[in-house]
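The chains referred to below are lettered A, B, ... by the order of the sequence lines, with proteins before strands, and numbering in each begins at 1.
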Amino acid sequence: MSRIGVFTCHCGENIGATVDCGKVAECSRSIPGVVHSVDYKYMCSDPGQGMIKEAIKEHGLTGVVVAACSPRMHEPTFRNAVAEAGLNPYLCEMANLREHCSWVHEKGEVTTEKAADLVRVMVEKVKHNQPLHPIRVPVTKRALVLGGGIAGIQAALDIADAGHKVVLVEKSPSIGGHMSQLSETFPTLDCSQCILTPRMVEAARHPNITLMTYAELEKLEGFIGNFKATIRRKARKLDEKLCTGCGLCIQKCPQKKIPDEFNEGLGQRTAIYVPFPQAVPNKPVIDTANCTFFKSGKCKVCEKMCPTGAIRYDQEDELVTLDVGALVLATGFKVMRTDKFPEYGYGQDPDILDGLQFERLASASGPTLGVMKRPSDGKEPETVVFLACSGSRDRAKGVPYCSKICCMYTAKHAMLYRHKVHHGKAVVFYMDIRSGGKDYDEFVRRAIEEDDVQYVRGRVSKIHREDGKLVVKGADTLQGGAPVEIRADMVVLATAVQSQDGSEELAQKLHVSYDPYHFFAESHPKLKPVETNTAGIFLAGACQAPRDIPETVAQASGAAAKVAALFARDELTREPVVAVVNRLPAPTFSYCVGCFLCQSACPYQAIEQEEIKGRDGSVLKVVARVNAGLCQGCGTCVATCRTKAIDIQGFSNEQIYAELMTL
Amino acid sequence: MDLTTRSRELLEGGAVKAVIGYEAGRRGGIRPAFVKEAAKAAALVFDGRCTQNLAAYLTRREVKRMGRVALVAAPDTLRALLQLMAERQVKEEDVLALAVAPDGAVTELPTAAAVEEHLAVTAKELKAEDRALLARLDAMTREERWAFWQKELSRCVKCYACRNACPMCYCGHCTMDCNRPQWVPVASHALGNLEYHMVRAMHLAGRCVECGDCGRACPVGIPVHLMAFHCQESVHAQFGQRAGTSAKLDYALSTFRPDDKETFIR
Amino acid sequence: MAFEPKITAFVCNWCTYAGADLTGTSRIKYQPNVRVLRLPCTGRIDFMLLAKAFARGADGIIVSGCHPNDCHYTSGNYHARRRWMVYRDLMDFMGIDTRRVTFSWVSAAEGARWAQLVDEVTATVRELGPYEDYKELALAGVE
Amino acid sequence: MRIGYYPGCSLLGSSREFDESVRAVMGALGVELVQVPDWNCCGASSAHVLDAALAAALPARILAQAAAAGLDEVLAPCAACYNRLVSAQDSIAKDPRLAKEVEEAVGAPAGRVKVLNVLEVLDRLRPEIQARIQAPYARKVACYYGCLLVRPPRVVKFDRPEDPRSMDLLAAAAGATPVEWPFKTECCGASFSVTRTDLVAKLSGRVLEGAVKAGAEAVLVACPMCQSNLDMRRPEINARLGRDLEIPVLYITQALGLALGLEPEKLGLQRHFVPALARV
C-alpha cells in the first residue's frame, strides 16, 4: 500500500498569489494513498527540505510529490533531499504548479482546481514509480581524436598533458591540416608554419600520443567510456620503422608531374611523396594511382634507391581495433572550388584562384617560393581583385550561412599582395565587412588605410577574359549601384567554407547529428557547444561550423577539458531512465517475440539480440535486450512494441497510464 | 510436375518434414492439410477455393518444431511469408514455398529471393468488393463513417477469430492480453471493441499483406480487414512501401525520412 | 454553466515541456483547460495514449514535441511523425473527429507559441462542443 | 515527329526569316509542325511588368488552345515567347490562386503542354542532322544565346545558365567550328531596340566585338531580338565602335538549313540587313 507525501510550495508569492496552496494541500490529503500533505512558503529552502525528510521518516512515506516549480528546475534538489532521508530518489516526482499553472493563469478557483489536478496526476504516477539505481559504466581512459589539423593537435596535446592516452588519427599522410598550408595568419601576420610545426612535433613526440596518419575511422561501436573504434591504416607501401625519411626515393622518383594537393594543384609532386617538407611523420607514401610501377608493373626505382630497404609494394591496408572512452571530432572543413562558379567561368581560367590557392602562392614554401606569379604565365600580377562572399551567403549556391573567416583572410590576402607587389593594385569586392574579434577590425582598417587596398561594396556578376586580362564586372552599391569594371591580372575568390567531404557518412557512423550543410551539430547552441548529442563524442574546430584559428584552438581545449573531466572518474553514473525488455520465467522468457521492429526505431543502436539458450546450448528464443549504456531513454521503442514487452523506467506504461486515468 | 507428385517426392526424399496445403473438407469445402507422409500426398488440392492464408501456421509452435516444411502458397501467402521473414519469425531455410499455377504446375521457391522474384510480376490488387466498400466509406461524411463503424462493431463479440486467422498476429502476448496497465477493456462493449480494432489496425500498418483472412474469419461478418487495409494503404501512399514485398523490408513505422511530409502538423 | 473543454496534452520533455516552462517564466497567460503529461520524447507517445485520453473524456488533444532536426534524441520526432501520419488517417477512417487532435512542434524557445497553441486549441474545441460521441462510448466502458 | 508550333508575332513580322528557316529545316528533317489554332499574343515585353494575371493568362490561353488541339508539345522558336510561356506555366504551378484566376479568365485549365525552344527540338534531331549534312557550314562561329533561353535557370531549366552548350553542339553538327567566347549570354539590349538605340549599340557592340575578337566569321542566334539588335542596329553599332564590322548574324536554323543543302532564299537569308547571303 502506497504511503505518499504531498508537499505544496507557495514559492513565495509566485504560486501562492494565484493558487490557494492551502486548498491544494487539503484536496491532496483526500487522494487515496496520500498520508501526509502540507503546504509551505519555500519548499526548496533548507527548512522546506527538512520538512520532507522529517515526513519521510515520521510517516514512513513510500513516495513523495513536491508540488512546486518545473521538474526541469528543482527535480535534482528534491530527489537529493529524498535520498538523504533514505528513500530512493526516483520515488520523488514534481507537480509543476508554477511554470505550468500559477504563472500562466489568473488567480481563481479554476487555477486552484488545475493545481490540484496536477498534484493528483503526479500522485497517481508516483504510486507506480519503482526504486531505480543509477547505471554505472566503467571508463576506458584513452581518447580518440579524429583529424590532425590544429584542432585535433591542440585537443590531443591537452588531453595528453592531462595524463591520458590519445590516439590521433589523420587521413592524409601528415598531420598539420589546413593551417599548414596557410602563408601568414591574421591579425598578426605571423607565419603559419612557424607557429604550427613546433606543435606538430610536440604531438609526435608526446609519450601519451599515438599518431596514426594516413588512416581513417572505419567503424565505431559502443558508448560513452566504452567505445570500440576500428581504424583503417591505409597502406603507405613502406615500412615506417625502417624508413629514416632521407627523401632519396622522392628525389629519384621518375613520375614527377602529379598535381600537388598540398599546393592546391599549383605545383607538382612525385608518386612517392611527403605532402610538404615539414611533414609529421616525415615518412613518404606511394600514391598507387599514379605510381609507374603500380600502373605498368615496371620501375621500382624507389626500392632500388632506398638505403634501408623500407619499400613494401605488397603492403595492404590494416584494420586496427581500439578501445577508447571518448572521441574528439576535429575533421575540419573544405573550401568550395572555383568550378562551382559558372559566372566566373566554371573554374576554367588558371588565374582565377580560391583562397587556399592564394595562400600557397603567397607562402614562402609554396610553388613560387612566395613570389607573386600568376599561374597562367608566371608574370607578376599588377592588378588583383579579391571577391569576398564567393558562394557564402548565397542561397543559389546552397550556402546561406556566413563563412566567417573570409572577411579577415581577404584583408590579409590583399595586404600580403600589396607587401609583395608594392606598385600593384588590390581591389576587394565585399558585401559587409565582418571583423568581430580581438584586433580584427583594426587589421582590416590597416589594409584599407595603410596598404591602400581599395574596398568596393558590391557583387561581381561576371568575369571573363579579354585581351589577356580578366574583366571583372561588378557594381558599387555605395555609388548607387554604378557599374564597375576592372581589368585584372588575377582574381581570388574567397570561396565558401563547407563541411569536409564525407561528413554526413561520418556523422551517421558515429550517430551524431549534423546540420543541413553537414556540419556536425553541437548538443546545445549556447550551453553545450563542444558536446554532441551522443555522450562521449565532442567537437573541435571547423567540423562544427566555419571557424578561425583562435576559436578552433579554444574549442579544442574546451573539448579536451571535457574529455579530461570524463577521464577523471573511474566509473560513470547515468540516469536510469532507460528502456528495459521484460523477462519472465520459462517457457515464455519474455513477452518479446523477437520481431526486432524496434531496432530501427532506436536512434542509438541500443537494442541488441539476445539468445536464450537451454541447458543443452540450443537456442530457445531470440529476444531483444537493451544496452543500458547506449540507451538514452527516448522511449521510441516502447511506443513501437506491440506486445508491450519493452518499457522505459521512469516513464513506464503503468506510470503514464495512471497519470492519464487521473484526468 | 503436379502438386501431389512433387509433395510425395519431397516427403520421400526427406527434403521437408511436412507439406502444408489444402484438402477437401466436408460438404465440398476446403480445409488446411498438414501432410507428413508421402502416401497421403494425394489428398492435396489447389484451386480457386483455397483462399486461407496458410502462412499463419508457420509461426505456430507445433509447426516450428516440425523442421523444414513445404508451404502451398497463393500470392498473399507468399507475401505473408516474406513479411514473416522480414520480422524474423520464419527462417528462409525452414520453408519451401510451392506456388501452383492454374494448370497445376508447381514452381518451387526455395529462397526469399525466389519468392520476391515470383511476386514481382503479380501486382497486389484489392478485391473489387473491398475496393467498392473502401470507396463508399471514403465518400461518407465523418459522422456517417462513425455511425457505420459503430453499427458494425456493435456486433463484435471479441472472439479474436480475426487475430487467429491473421498471419501477422503471431505475438505471443497481444496488447489485448496486457493488464498492467489494462490498455483495452476485456469486455466486448462499444469502447473496447473500437479500441481493439484500432489497435489491431495500427499494429498491422506497414505489416499487413492485405490477404483479407481476418475479414473472412469474422463470424458476424464485420469487414474488420478494411481497417488494416486502410492503414496499409495509408502507409503505401505516404511512405511508398508495401508489406510482403521483400524479406528485408524495413518497418515503415520505425524508419523515417527527414522529409516525410507533414501537412497537418502545426 | 458554459461548456469548458478538457484538453489533454502529450508533450516531450526537451522541447515542448521546456517551451511551456518558458511560457511561465515569461508570464504569458493562456487558457487553464489544458493538462500536460510529460514524456521523454514524442517518439514515446504511444497512439494508445491518444485513444485512452478520449476514453477518459478529453474533448481535445494536443501532441507536441521538437521541430524536425531538433529532437534531443536525434530522430524520435521523425518516428512519431510517421506514427501520427498513419494514426490520424485511421482516426478519420473510423469517424473520429480529427479536428480535436492537434499535432504541433513547439521548441524550448517558443514560449509564446505554446500559449497561442493552447488558446487556439481551446477555442476550437470549445466551438466544437463536448465530444459526445466518444463520451457515450466511454460510458459503455464504465458499466 | 509531330509537334505543335507557336510562331508568335516576331516570326510573322520582323523575323520572318526565322519562321521560314524553322519551317524549312523541320520539313527537311521530317518534322510536322502543327500551328496552334487561333493563337494570341504571348504578352512579351510588356504584360509581365504590368499585370501578373494577364501575363499568366495570355500564355495560358495559348497552351489551352494547344491542349485542345491534342498537342503534347509546342515549339516556340522566339526566345521571348518561349520564356513567357514557360514562366507563365511556372507561376501558375506555384500559385493555386493565380491558377484559379487564370482558369476563369481563359475558360480552360492551363494543361500540361510542354513548351520547347528551337534548340531543344533540334538537339533531339542531332543524329538526323549529322546524317543529312550535304554542304558543311565550315566556318568559325560564335554561338550567341542571349538571356531569354537560359534565364531564370530555375524556371526554364535549360542548358548551363552561364555557359550554355546546346547551340555549339548543333553548330558543330552542321560542320561549323564554334569559338570559345565570354559573351554567350550577355545582354544585347533587347527591347530597348526601339526606345534606346544608343544602349543597344553599346551592348550589342560589345557582343559583336567579342565575337570578332574570338575569331568568329559569323554569329549564330536563336532569338529574334538578338538577331535584330545585332543585325538591324549594325549602323549604330559600327558608328559607336568606329569600326566597320561586317560579320553576319544568322539564325541557327539558317546555318543548319544551308548545311542540309536548302536554298538560301527558302531560309530567308536575303532578308538580313548585314548581307549574309554574300558571305555564306
- Shortest non-hydrogen contact from A:Thr636 to C:His79? CG2-CB, 3.7 Å
- Query: Minimum heavy-atom separation for A:Pro71 to C:Tyr17, with atom names?
  - Reply: CD-OH, 3.2 Å
- Query: Which pair of non-hydrogen atoms, one from C:Gly43 and one from A:Ala639, has the smallest distance, and what is that distance?
  - Reply: O-CB, 3.3 Å
- Note on the structure: Minimal heavy-atom distance between C:Phe10 and A:Leu660, with the atoms involved, is CZ-CD1, 3.9 Å
- Measure the OH-SG distance between C:Tyr73 and A:Cys602 for me, rounded to the nearest 0.5 Å. 11.5 Å
- What is the distance from atom CG of C:Asn77 to atom SG of A:Cys634, rounded to the nearest 0.5 Å? 10.0 Å
- Note on the structure: Answer key: most heavy-atom pairs under 4.5 Å with chain A among C:Val36, C:Val118, C:Thr8, C:Leu37 is C:Leu37
- At what distance, to the nearest 0.5 angstrom, does CG of C:Leu22 lie from CD of A:Glu99? 10.0 Å
- Heavy-atom contact with chain A under 4.5 Å, split by part of C:Asn33: neither
- Does the side chain of A:Leu663 come within less than 4.5 Å of C:Arg56's, by heavy atoms? no
- Might you confirm whether atom NZ of A:Lys107 has over 12 heavy atoms from other residues, nucleotides or ligands at distances under 6.0 Å? no
- Pair A:Lys114 + C:Glu4: basic N to acidic O under 4.0 Å: no
- Message: Any donor-acceptor pair under 3.5 Å linking the side-chain atoms of C:Asp46 with those of A:Asn653?
- Response: no
- Which bit of A:Thr662 comes within less than 4.5 Å of chain C, counting heavy atoms only: side chain, backbone, both or neither? backbone
- Is it the case that more than 12 heavy atoms not belonging to A:Lys509 sit under 6.0 Å from its NZ atom? yes
- Query: Is chain A contacted by the side chain of C:Trp114, its backbone, both, or neither, given a heavy-atom distance below 4.5 Å?
  - Reply: neither
- Name the member of A:Ser600, A:Cys637, A:Ser70 that forms the most heavy-atom pairs with chain C at distances under 4.5 Å. A:Ser70
- Query: How close do C:Gly24 and A:Val104 get, heavy atom to heavy atom, and via which atoms?
  - Reply: CA-CG1, 3.6 Å
- Query: Looking only at heavy atoms, which two atoms of A:Asn14 and C:Arg27 are closest? And how far apart?
  - Reply: OD1-NH2, 3.7 Å
- Name the member of C:Arg83, C:Arg38, C:Met48 that forms the most heavy-atom pairs with chain A at distances under 4.5 Å. C:Arg38
- Quick one: what part of C:Cys71 sits under 4.5 Å from any heavy atom of chain A, side chain, backbone, both or neither? backbone
- Query: Does CD belonging to A:Glu109 count more than 12 external heavy atoms closer than 6.0 Å?
  - Reply: no
- Measuring heavy-atom distances to chain A, does C:Leu49 have an atom under 4.5 Å in its side chain, in its backbone, in both, or in neither? both
- Query: Are any side-chain N or O atoms of A:His105 and backbone N or O atoms of C:Tyr30, one a donor and one an acceptor, separated by less than 3.5 Å?
  - Reply: yes
- Item | Donor-acceptor under 3.5 Å (C:Arg44 side chain, A:Phe651 main chain) | yes
- Message: Below 4.5 Å, heavy-atom pairs only: which of C:Ser26, C:Gly76, C:Ala53, C:Ala55 has the largest tally toward chain A?
- Response: C:Ala53
- Looking at A:Glu659, A:Gln632, A:His100, which has the largest count of heavy-atom pairs under 4.5 Å with chain C? A:His100
- Query: What part of C:Ala115 lies closer than 4.5 angstrom to a heavy atom of chain A: side chain, backbone, both or neither?
  - Reply: neither
- What part of C:Leu39 is in contact with chain A, defined as an atom under 4.5 angstrom from a non-hydrogen atom: side chain, backbone, both or neither? both
- Message: More than 12 heavy atoms of other residues, nucleotides or ligands under 6.0 Å from CD of A:Glu505: yes or no?
- Response: yes
- Supply the atom-to-atom distance A:Met73 CE to C:Asp21 CG, rounded to the nearest 0.5 angstrom. 10.0 Å
